[in-house]
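Here is the structure we will look at, set down as structure tokens.
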Protein chains: 2
Amino acid sequence: METSADNFFFGLLPFTVYFRIMPATIKDIAQSLGISPSTVSRALNDHPQIKDETKKAVREMARKLHYSVNQAASGLRTNKTFSLGVVVPQISNYFFSSVLGGMQKVASENDYQLLICQTNEKEDEELRYVQSLVSGRVDGLLMSISQETQNFDRLAEILSDTPVVLFDRTSEKIPTIHVEAEDYRGAYLATRHLISRGPGKIAHLGGPRKLTVSQNRLRGYKDALEENNISFDPGLLAHCEFDIKKVPEAVDKILAAHPEVKGIFAVNDEIAIEAILALKKKNIRIPEDIAVVGFGDYPIARIVEPNLTTISHYPAKIGERATHHLLKLINHREEAAVMKEVIPCELINRDSA
Amino acid sequence: METSADNFFFGLLPFTVYFRIMPATIKDIAQSLGISPSTVSRALNDHPQIKDETKKAVREMARKLHYSVNQAASGLRTNKTFSLGVVVPQISNYFFSSVLGGMQKVASENDYQLLICQTNEKEDEELRYVQSLVSGRVDGLLMSISQETQNFDRLAEILSDTPVVLFDRTSEKIPTIHVEAEDYRGAYLATRHLISRGPGKIAHLGGPRKLTVSQNRLRGYKDALEENNISFDPGLLAHCEFDIKKVPEAVDKILAAHPEVKGIFAVNDEIAIEAILALKKKNIRIPEDIAVVGFGDYPIARIVEPNLTTISHYPAKIGERATHHLLKLINHREEAAVMKEVIPCELINRDSA
DNA sequence: GTTTCCATTTAAAACGTTTTAAATTTTCTG
DNA sequence: CAGAAAATTTAAAACGTTTTAAATGGAAAC
């Protein structure tokens, strides 16, 4: 744990930090007012059977003593934590951090807090986090499945006891509410847009094969081709696994097999932009020689030259809706049903296609 | 809460989700093995006084019954939550989401979890979150102060009872451990780099005046000028408040007053890139006419044209170190002292300067 | 066959809250 | 002013865990 950065300490002030004076409890309030703890508890929770006068006195004393409720105790008694667990493959990533922002918003509007975990796409970390969150830490789970995850049995088993909403990276093996971007239609729109620019072959730089997201975008691409009587050619498809380092090679491979390619649809904006960089390095003009469409409308899309035409899929909205559903699951579980919400996509027409 | 997106539901499968079969407790394990709950508790915690044979039996039964410890109960008894609260102005932002990634890493290595809140730069939300986190939810706090925050008294009071580490957005009014980027030196390096390109005026697009981060970067800029016998000219300084919409106007203002400007140092990469876009729109060549240096080394820095010369300040590292210090504070509070760690910066030389 | 000692196990209390059921006080009715 | 009804408060138990202090049982020592 110790690193060389330890050398960068400078003492600012020569005193030591102290803390954790035992915080005030309900009993303390009761004692100092000469009333019972149950009355204090009820007063604090605005129970109708408590006299207004008493409530006022209790609240005042609570403030005076810096009282704040012990969540562990309250949670133990009520079986509610007012926390939601979030399990994502990666936090520092435009898509997921935006989703998290949306989740935070809705959670906080409803007085819930977010416990956020990052799986690094590892199946075992994912399982460990889910396990830990489910054990009395959270009232429900928001989850986006890691790339690596193969075995859904254990996960489904753990989750069968807990309200959970899956978002973006979903699996039908976990029967619950799913919130996804309109990946299929987005890809369809993107591909159709490329086709509409004129005759020529359209290639696809795909994502990890296992992910439903990639699969749906691939289907959208294929269906758009088919609808325009273009037969799908596997030589025009390369999978980059969300890894930008693989892009130049993938572009080379496609161009070698099909020098006449007129358009590329990439599974996301990062890949699309790497493709643009690779094409520019070859002095291929965009969009005149090859047009490029991405997916996601990342902030870079309007910076890269040419500005990237892409599909916007509103990640914050995905987070908001997923959280909305989870809260509904938690608080009205009677009405809960297995279903899927798809957040609409939109084509953002810029200069790259 | 209901939005039009509710229309996008399609039932997937016609059944309802059920959950929350009462989870197994220590008592259940004890009962099914015919031993006492205390023995079970100790066995699960690998207490040395428990026979190996007993431990094995307990662990097996725990697995069989899908037992997992109730954190609320355990936390209530031990006064430990193994959670760290994180309060940031914004989650979906390259800098903060990267910091969060670093925090998650160190926290998880030490079996801690992260409770993450977003203040949206609002003082009242900040106070509300801190209040709520501190009340028995977390063992300590990682915090980056919101822009709006004026009154540190209440905050300092609440935090005096809890281990807390401030990062990036710090304030000396809260005497504890601070972890910051080397803002002063980074700005100094950036400005010196611009000066070294040849004679000419160097402008600065500054951040929110209240933030120590902005202040330190401004100091670095000024000191680099002074060291090269260039007197600071307020007409070369414009504050954009981290708001990219204000950049074109700020650039115009500076250029109107000083058409002979040869370099611009921006408080962060986003601002720098907006400045580049604004300059390009005026057909000003970068870096030949005006050179630009940013701060942060965001992913866009290597995409924009020309590629942005910038200062890398390693956000994940900031998160890792802050968490490291907080865990130390929590677990060895005797050694705790008020101090500051500064994470080194580095100039990343690309094409814009 | 006691006694001592050691290794294990256990009963019971505690953490701070909420809540059921009962008790107390106040107000109303005639 | 008694008695009923209503309003308000309270005692005590419960949530699931950890932990102190005490108990149990068996082996070793005498």
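Residue numbers begin at 1 in each chain, while the letters A, B, ... track the order of the sequences.
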So, does S36(B) get its side chain near the phosphate of dT10(C), meaning an N or O under 4.0 Å from OP1 or OP2?
yes
Atom CG of D52(A) and atom P of dT8(D): how far apart are they, to the nearest Å?
8 Å
Consider the side chain of R77(B), meaning its heavy atoms from C-beta on, and name the nucleotide among dG16(C), dT9(C), dT17(D) that approaches it most closely.
dT17(D)
Would you call the rings of F167(A) and F96(A) parallel, tilted or perpendicular, where under 30° means parallel and over 60° means perpendicular?
perpendicular
Heavy atoms under 4.0 Å, any strand shown: does T78(A) hit a base, just sugar-phosphate, or nothing?
sugar-phosphate
Expressed as a whole number of angstroms, how long is the span from N45(B):CG to dT20(D):C1'?
16 Å
In whole Å, what is the span from the CD1 atom of I50(A) to the P atom of dT18(C)?
12 Å
If you check the I26(B) side chain, which of dT17(D), dT8(D), dT18(C) turns out closest?
dT17(D)
Any side-chain heavy atom of Q104(A) sitting closer than 4.5 Å to one from I91(B)?
yes
I want to confirm an ordering. Mapping T25(A) and H47(A) to their closest nucleotides on DNA chain C, which one lands closer to the 5' end?
T25(A)
Taking atom P of dT10(D) as reference, at what distance in whole Å does atom NZ of K27(A) sit?
15 Å
Proximity to the side chain of T54(A) - top-ranked nucleotide from dT18(C), dT9(C), dT9(D)
dT9(D)
Ion pair check, K64(B) and E60(B), cut-off under 4.0 Å
no
Which residues, if any, of residues 58-75 of chain A bring a heavy atom under 4.0 Å of DNA chain C?
Y67(A), V69(A), N70(A), A73(A), S74(A)
Any S41(B) side-chain nitrogen or oxygen under 4.0 Å from OP1 or OP2 of dT17(D):
no
Non-hydrogen side-chain atoms of F82(B) and R137(A) separated by less than 4.5 Å:
yes
Check whether any side-chain nitrogen or oxygen of S38(A) sits under 4.0 Å from OP1 or OP2 of dA11(D), and answer yes or no.
no
Protein-nucleotide distance (L33(A), atom CG; dT10(D), atom C1'), rounded to Å:
15 Å
Give a yes or no on whether a salt bridge exists between K122(A) and E148(A), defined as a side-chain N under 4.0 angstrom from a carboxylate O.
no
Separation of atom CG in D28(A) from atom P in dG16(C), rounded to whole Å:
8 Å
Quick one: are V86(A) and L115(A) in side-chain contact, heavy atoms under 4.5 Å?
no
Measure CD/Q49(B) against P/dA21(D) and give the value in whole Å, please.
13 Å
Is it true that atom CD of E157(B) has more than 12 heavy atoms of other residues, nucleotides or ligands lying nearer than 6.0 Å?
yes
In whole Å, what is the span from the CD1 atom of I35(B) to the P atom of dA11(C)?
11 Å
Nearest to the R42(A) side chain among dT9(C), dA21(C), dT8(D), which nucleotide is it?
dA21(C)
